[in-house]
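Residue indices begin at 1 and follow the sequence shown.
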Amino acid sequence: MKLLIYAYDLGGIPLTQSMANFNRKCVEWAAEEFRWPGYEPADLYAVTKVLNEPDFPPLFGLHSMFLNARLIRHFKGKAVLTKAGMAVLREHGRLQALLFDRAFFDSDPYGGDPRVVEAGLWDVRHILTVVSNRLGDWVSLSDLTEWSVAVDAFPTTGPLGAKHNATLYVALNAVRPLSWLGLVEVVNGQDGDLGGRHLRKTPLFDKFVHLASLQVGSASVH
């Protein structure tokens, strides 16, 4: 919501000429304003002295989802609000529901392997049911992966095999958006072990996600 209000107040966010990303001033503002866990300003500046949009993945993801949801459009070198974007200003619940749909019902929005989706290995409703039923307390990402997808059916490419590929896919395409939407909380494992990350659902999950809801076209009814 802060980003939409920022765009509204400015009359549009200036874009870079080369990549059509938000300009550096916006990225620096967002890093300070969002204070995103895992992407605090100190974390970001430890990697690079100059922040561009791809250096701040949550902002990069929001930009993409806002475009896909047609809340903003690129016009004359700026990202400006559309009528749909104006309609959700300060409507936090509507925006949350809309971003949830973009995260889980767009065509592979987080850049995972489309072959996994096409092969029927990715069932959003099943994964959300697992989160609802089993993540009332802390569980490992490794266990969540085993419960959520058919691990043995994932590609075995790479030195770490199918289990790692499946775990990475679940981390990127389920855990990350759920975490960014405030629906699960995550703590990292020791020594950066991906499967050793632990997570549990937040109180917001059960208030927000209604698994008995109907699917209408490409959007869910909350």
As an exercise, state the distance from [atom1] of [X] to [atom2] of [Y], rounded to the nearest 0.5 Å.
{"X": "E32", "Y": "E40", "atom1": "CD", "atom2": "CD", "value": "9.0 Å"}
{"X": "L141", "Y": "S148", "atom1": "CG", "atom2": "OG", "value": "9.0 Å"}
{"X": "T48", "Y": "L44", "atom1": "OG1", "atom2": "CG", "value": "9.5 Å"}
{"X": "L89", "Y": "L95", "atom1": "CG", "atom2": "CG", "value": "9.0 Å"}
{"X": "L98", "Y": "R70", "atom1": "CG", "atom2": "CZ", "value": "11.5 Å"}
{"X": "R134", "Y": "L144", "atom1": "CZ", "atom2": "CG", "value": "10.0 Å"}

Under the side chain to side chain contact (heavy atoms under 4.5 Å, CB included) criterion, do R24 and N52 qualify, and how do the steps go? CA-CA 6 Å; R24 191 170 298 159; N52 295 303; 3.4 Å; yes
Do [X] and [Y] make a side-chain contact, defined as non-hydrogen atoms from C-beta onward lying under 4.5 Å apart?
{"X": "L3", "Y": "I13", "result": "yes"}
{"X": "D55", "Y": "V27", "result": "no"}
{"X": "L15", "Y": "N21", "result": "no"}
{"X": "V187", "Y": "L199", "result": "no"}
{"X": "W180", "Y": "P57", "result": "yes"}

Salt bridge (Lys or Arg N to Asp or Glu O under 4.0 Å) partners of [X], counting only residues at least two apart:
{"X": "K25", "result": "none"}
{"X": "K201", "result": "D206"}
{"X": "E146", "result": "K163"}

Please report the shortest heavy-atom distance between [X] and [Y], naming the atom on each side.
{"X": "L204", "Y": "Q96", "answer": "CD2-NE2, 3.8 Å"}
{"X": "P41", "Y": "A31", "answer": "CG-O, 3.4 Å"}
{"X": "A7", "Y": "A79", "answer": "CB-O, 4.3 Å"}
{"X": "M1", "Y": "R90", "answer": "SD-N, 3.1 Å"}
{"X": "L181", "Y": "F100", "answer": "CD1-CA, 3.8 Å"}
{"X": "G182", "Y": "T202", "answer": "O-OG1, 2.7 Å"}

When clusters are formed by joining ILVMFWY residues with side-chain heavy atoms under 4.5 Å apart, either directly or through shared neighbours, do L178 and W138 land in the same one? no
Would I72 and M86 show up in the same hydrophobic cluster when neighbours are defined by side-chain heavy atoms closer than 4.5 Å? yes
Is a donor on one side and an acceptor on the other found under 3.5 Å between the side chain of [X] and the backbone of [Y]?
{"X": "T82", "Y": "L71", "result": "yes"}
{"X": "H198", "Y": "G196", "result": "yes"}
{"X": "R73", "Y": "K78", "result": "no"}
{"X": "S179", "Y": "V175", "result": "no"}
{"X": "N173", "Y": "Y169", "result": "yes"}

Using a 4.5 Å cut-off between side-chain heavy atoms of Ile, Leu, Val, Met, Phe, Trp and Tyr, which other residues end up in the same hydrophobic cluster as V80?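 Direct or chained contacts put V80 with F75.
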Is the count of non-hydrogen atoms from other residues, nucleotides or ligands lying under 6.0 Å from F34 atom CZ greater than 12? yes
In this structure, are over 12 heavy atoms from other groups packed under 6.0 Å from Q17 atom CD? no
How would you list all residue pairs meeting salt bridge (Lys or Arg N to Asp or Glu O under 4.0 Å) that involve residues 1-13, not counting sequence neighbours? K2-E33
List the steps and the verdict of side chain to side chain contact (heavy atoms under 4.5 Å, CB included) for V139 and W147. CA-CA 11 Å; V139 302; W147 299 332; 4.0 Å; yes
So V184 and V186, side chain to side chain contact (heavy atoms under 4.5 Å, CB included) or not? Walk me through it. CA-CA 7 Å; V184 301; V186 182; 4.3 Å; yes
Residues Y39, D43; criterion side chain to side chain contact (heavy atoms under 4.5 Å, CB included); working and verdict: CA-CA 6 Å; Y39 299 95; D43 301 319; 5.7 Å; no
Flag the pair W29 / F22 as yes when their ring centroid distance falls below 6.0 Å, and as no otherwise. no
Can you run down the ring pair (Phe, Tyr, Trp, His ring centres under 6.0 Å) pairs that involve residues 40-60, sequence neighbours left out, and say none if there aren't any?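 Applying ring pair (Phe, Tyr, Trp, His ring centres under 6.0 Å) to every pair that reaches into residues 40-60, excluding sequence neighbours, yields nothing.
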